[in-house]
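Below: the structure, in structure tokens.
A quick note: this is a predicted structure, and the numbers were derived from the prediction, not measured. Naming convention: chains lettered A, B, ... in sequence-line order (proteins, then strands); numbering from 1 in each chain.
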There are 2 protein chains.
Amino acid sequence: MHFEELIKTIKERRQVLQVTQETLAEVSGVGLRTIKQFESGKGNPTLLTLQKILEVLGMEVSLKLTNVSLNK
Amino acid sequence: MHFEELIKTIKERRQVLQVTQETLAEVSGVGLRTIKQFESGKGNPTLLTLQKILEVLGMEVSLKLTNVSLNK
DNA sequence: TATTAAAGAGCCGTATAATGCACTTTGAAG
DNA sequence: CTTCAAAGTGCATTATACGGCTCTTTAATA
């Protein structure tokens, strides 16, 4: 899942839940500015910030195997 | 997936592929120090750093829905 | 025990994420 | 057009991730 896709998924999830950026900021404990930057594609959030946001939205990070590993 | 679990998964994946931290650093473009800190649980990597590491290990970030969303 | 590879950790400068505040832009409803 | 809520942006400060260098620790093997 690339960056834009992550953003899109999170943004849509927030909107489905009818939560504003401001509310998300308050509930998650992440600064409003940080959320705005992230959703507008400007940021490179830390894992912790991402997890705080996801938790409020009822989501979590998981890891998936892709096909190509170290090209050996 | 919580922090420790992510670390554990990534570390194990690296070991399964028989890649050293040093090689992972070189191939991924992430600093060795950063990888060491991350794997020893000291860090809070940015999403970009995480993605660089995962790509080399043949993995990627994905988002999963959990049960509880905003407790409304 | 000595050697060596891999991993962990201290020190520290640089880059940038996180944040607040104020202002602007956008879009919907009246 | 006006109003209002939500989202986006500029600027500045603080916190911290990134990374190199060096040294230590750990574990495996000779």
Side-chain angles (χ1 to χ4, degrees), chain A residues 1-66 69-72, chain B residues 1-66 69-72:
Chain A
M1 225 173 170
H2 299 296
F3 220 101
E4 297 82 23
E5 201 177 346
L6 277 175
I7 293 175
K8 186 161 170 282
T9 302
I10 292 174
K11 196 168 184 172
E12 286 177 355
R13 173 69 174 164
R14 179 177 62 75
Q15 290 169 339
V16 164
L17 295 177
Q18 299 198 59
V19 179
T20 63
Q21 292 179 338
E22 197 167 349
T23 299
L24 177 57
E26 286 164 5
V27 179
S28 67
V30 174
L32 177 58
R33 193 63 222 280
T34 301
I35 290 175
K36 285 180 183 301
Q37 284 198 355
F38 171 63
E39 284 198 3
S40 60
K42 301 287 168 51
N44 175 27
T46 62
L47 184 53
L48 191 58
T49 294
L50 185 62
Q51 287 181 325
K52 284 182 187 170
I53 292 172
L54 290 177
E55 187 181 5
V56 173
L57 299 177
M59 303 176 89
E60 65 173 14
V61 173
S62 74
L63 299 182
K64 270 179 49 180
L65 287 176
T66 56
S69 57
L70 254 192
N71 35 359
K72 39 165 296 194
Chain B
M1 224 172 172
H2 299 295
F3 220 101
E4 296 83 23
E5 201 177 345
L6 277 174
I7 293 175
K8 187 162 171 282
T9 302
I10 291 174
K11 196 168 183 172
E12 287 176 356
R13 173 70 174 164
R14 180 177 61 76
Q15 291 169 340
V16 165
L17 294 176
Q18 300 196 58
V19 178
T20 63
Q21 290 179 340
E22 196 168 348
T23 300
L24 177 56
E26 286 164 4
V27 180
S28 67
V30 174
L32 177 57
R33 192 65 224 280
T34 301
I35 290 176
K36 286 181 183 301
Q37 283 197 348
F38 171 62
E39 284 198 4
S40 59
K42 302 288 167 51
N44 176 26
T46 62
L47 185 51
L48 190 58
T49 294
L50 186 61
Q51 288 181 325
K52 285 181 187 171
I53 292 172
L54 290 176
E55 187 180 6
V56 173
L57 299 177
M59 304 176 88
E60 65 173 13
V61 172
S62 74
L63 299 183
K64 271 180 49 180
L65 287 177
T66 55
S69 57
L70 254 191
N71 37 358
K72 39 165 299 192

Tell me, please, which residues at least two apart from [X] pass side-chain contact (heavy atoms from CB on, under 4.5 Å).
X: B/Gln21; result: B/Arg14, B/Leu32, B/Ile35, B/Lys36, B/Glu39
X: B/Thr46; result: A/Asn44, A/Thr46, B/Leu48, B/Thr49
X: B/Glu26; result: B/Glu22

Inset, instruction - Dump the intermediate steps for side chain to side chain contact (heavy atoms under 4.5 Å, CB included) on B/Thr23 and B/Val56, then the final yes or no. - result: CA-CA 10 Å; B/Thr23 300; B/Val56 173; over 6 Å; no

Between atom [atom1] in [X] and atom [atom2] in [N], what is the gap in whole Å?
X: A/Leu32; N: D/dA6; atom1: CG; atom2: C1'; value: 10 Å
X: A/Glu22; N: D/dA7; atom1: CD; atom2: C1'; value: 11 Å
X: B/Glu26; N: C/dA7; atom1: CD; atom2: P; value: 12 Å
X: B/Gln18; N: C/dA5; atom1: CD; atom2: P; value: 17 Å

Inset, instruction - Would you please name every residue forming a side chain to side chain donor-acceptor pair (under 3.5 Å) with A/Thr9, sequence neighbours left out? - result: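 With neighbours one apart ignored, the set is empty.
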
Legend entry - Test side chain to side chain donor-acceptor pair (under 3.5 Å) applied to B/Ser40 - qualifying residues, sequence neighbours left out: none

Inset, instruction - Could you list the residues that satisfy salt bridge (Lys or Arg N to Asp or Glu O under 4.0 Å) with B/Glu12, not counting sequence neighbours? - result: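 Salt bridge (Lys or Arg N to Asp or Glu O under 4.0 Å) list for B/Glu12, sorted by chain: B/Lys8.
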
Inset, instruction - Mind checking salt bridge (Lys or Arg N to Asp or Glu O under 4.0 Å) for A/Glu60 and listing every partner two or more places apart, or none if nothing turns up? - result: B/Lys64

Inset, instruction - Determine to 10° how strongly the helix from C/dT1-D/dA30 to C/dG30-D/dC1 is bent, judged from the axes of its five-pair ends. - result: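 What I find for the helix from C/dT1-D/dA30 to C/dG30-D/dC1 is an axis angle of 50°.
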
Does [X] make a side-chain N or O approach to OP1 or OP2 of [N] shorter than 4.0 Å?
X: B/Lys42; N: C/dG8; result: no
X: B/Gln37; N: D/dA17; result: no
X: A/Thr20; N: D/dA5; result: no
X: A/Thr34; N: C/dT19; result: yes

Inset, instruction - Determine, for nucleotides 25-30 of chain C in 5'-to-3' order, which nucleotides have protein heavy atoms under 4.0 Å from the base (write B), from only the sugar-phosphate (write S), or from neither (write -). - result: ------

Legend entry - Protein proximity profile, nucleotides 21-30 of chain D - base contact B, sugar-phosphate-only contact S, no contact -, cut-off 4.0 Å on heavy atoms: B---------

Inset, instruction - Check whether more than 12 heavy atoms from other residues, nucleotides or ligands sit under 6.0 Å from atom CD of B/Gln18, and answer yes or no. - result: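 Check fails, neighbour count at 12 or below.
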
Legend entry - Selection: residues 43-53 of chain B, any non-hydrogen atom under 4.0 Å of DNA chain D: B/Asn44, B/Pro45, B/Thr46, B/Thr49

Minimum heavy-atom separation for [X] to [Y], with atom names?
X: A/Ile53; Y: A/Val30; answer: CG1-CG2, 4.1 Å
X: A/Ala25; Y: A/Gly31; answer: CB-C, 4.1 Å
X: A/Gly41; Y: A/Ile7; answer: CA-CD1, 3.7 Å

Legend entry - Sidechain-backbone polar pair: B/Gln37 side chain, B/Pro45 backbone, donor-acceptor under 3.5 Å: no

Inset, instruction - Please check if the side chain of A/Gln51 supplies one atom and the backbone of B/Met1 the other of a donor-acceptor pair under 3.5 Å. - result: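 Yes, A/Gln51 side chain to B/Met1 backbone: donor-acceptor pair under 3.5 Å.
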
Legend entry - Worked verdict on B/Thr66 versus A/Leu54 for side chain to side chain contact (heavy atoms under 4.5 Å, CB included): CA-CA 10 Å; B/Thr66 55; A/Leu54 290 177; over 6 Å; no

Legend entry - Proximity to DNA chain C (any heavy atom under 4.0 Å), residues of residues 3-11 of chain A only: none

Legend entry - Test log, rule side chain to side chain contact (heavy atoms under 4.5 Å, CB included), inputs A/Leu47 and B/Leu6: CA-CA 10 Å; A/Leu47 184 53; B/Leu6 277 174; 3.6 Å; yes

